[in-house]
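The shown structure was predicted, so the numbers you read here are calculated from the model rather than taken from an experiment. Counting starts at 1 for both ligands and their atoms, following the listed order.
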Amino acid sequence: MSFTLTKLPLIRLKSFSGSGVAYTVDRSGRTCTCCQFLSEGHCKHLDEVGVYQPKQFTPRTHPTFSQALSGLVKSIRMRRVEDAIYWLMYLDGFPASEKLSKKAARLRVARRILIGSAEDGHSIPVMENVADNFRCLCKLDTPLVYLAAEIVRVCKLPNWWDPVTGGHDYIYKSLVGYRQRVLYRKVNDDQGARKLLREAIYQADRATSIGALCLLGAVGIGSTRQAQYLMTIAQELNHEKAVRLLNVHLGARTALSGDNNFTGQAAWWLAGGVSPVADKIEPVEMSEACELLERAKERWKHPLPIPNEYCDSVHCAGKDRRYAGILNDMWAVCMAFIEYGNIEPENRWLPQFFPIDGLEIEPELQSIAQEVER
Ligand SMILES: [Zn+2]
């Protein structure tokens with residue numbers, strides 16, 4: 001069955017509030033029967049199933065700091081190392097303002113590289129390497145080539161969207177776990193969330209363990225306390241990889257407050273997640289990083305407008321949400337890789353890249369819709 005040719009079946013999506021109300025979501029007609037849709041013409045239900053609101057955006061050659069930082073993050077995500085260094089150079093030369101000092105700008109860039117090692121990679125030694133250098137990377141007098149080298153190191157290994165990393169399991173389980181445990185929240189307290197997390201890990205239920213970790217955040221437990229709780233379980237289980245990941249998080253807890261990439265992966269490992277790149281690390285020569293900086297300098301002599309795929313409309317103004325790093329979008333990128341063998345933006349993202357797994361759907365209408373389709 002091809003979703004591109006036939007109309008997608010209507011779904012009766014249950015309200016995220018748990019009120020028991022359900023809305024009719026028409027993915028082909030881009031409508032929903034909820035109040036938010038009626039007043040705003042768009043809603044969170046459509047977003048959840050990958051039907052996004054079209055946005056207007058004019059890309060510029062010299063974008064805002066947020067757009068360029070997004071360009072750096074997306075380039076690392078897509079393993080476009082030349083572009084990553086191109087945006088690194090731009091961010092480094094961004095004029096200081098009252099809102100953003102040079103020092104604060106450097107801190108934001110270094111922090112994004114550290115987060116990128118876990119958000120866009122599964123190698124523990126790579127994460128440890130960036131973390132060991134992190135304090136130094138934050139300092140303004142550290143030459144840019146050291147930051148470039150860490151980016152090159154992250155990009156030398158494949159990312160989660162390539163199934164050789166085991167990342168498809170991580171992203172899919174994260175999406176389903178998030179939907180089941182946070183979007184449709186049944187537990188609303190700290191103790192309940194901790195219990196759910198511990199039990200899920202001991203039962204090797206990866207979706208629930210990641211979902212329960214997100215739930216801890218949703219009930220107000222900060223990422224440091226999440227990491228500390230996971231650490232007690234990791235030590236009980238004598239799980240060396242999880243202990244190392246959590247040590248990275250706790251070692252940079254201030255910079256990583258609010259981030260759940262290291263802890264999320266730790267929860268996945270603890271519940272039995274496997275990544276063949278977990279122990280891999282490639283050497284990086286300083287000359288490689290220097291060469292990339294030289295090439296970026298040349299490119300900046302004739303700059304082109306920032307590509308749309310770097311500006312996601314979520315973290316900065318833009319119109320292409322596909323690489324935003326939000327769970328349903330991340331899974332869609334994995335699906336794009338399965339469909340096309342690459343994740344290039346020229347490809348069309350098909351509706352079936354956005355599954356309804358983990359969402360609460362009223363079965364009646366689903367079966368009626370499928371019957372109508374037959
Ligand atoms: Zn809606």
Worked check of salt bridge (Lys or Arg N to Asp or Glu O under 4.0 Å) between Arg12 and Glu360: CA-CA 9 Å; Arg12 284 281 290 171; Glu360 294 190 7; over 6 Å; no

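- Rounded to 10°, the angle formed at the Zn ion (ligand 1) by Cys34 SG and Cys43 SG is 110°.
- Put simply, Cys35 stays out of reach of the Zn ion (ligand 1), with no N, O or S atom under 2.8 Å from it.
- Angle subtended at the Zn ion (ligand 1) by Cys32 SG and His45 ND1: 110°, rounded to 10 degrees.
- Taking the six-membered ring for Trp and the full ring otherwise, Trp331 and Phe353 have centroids separated by 6.0 Å or more.
- Ring centroids of Tyr90 and Tyr86 are separated by 6.0 Å or more, keeping the two rings apart.
- You'll find the ring centres of Trp160 and Tyr170 outside the 6.0 Å limit.
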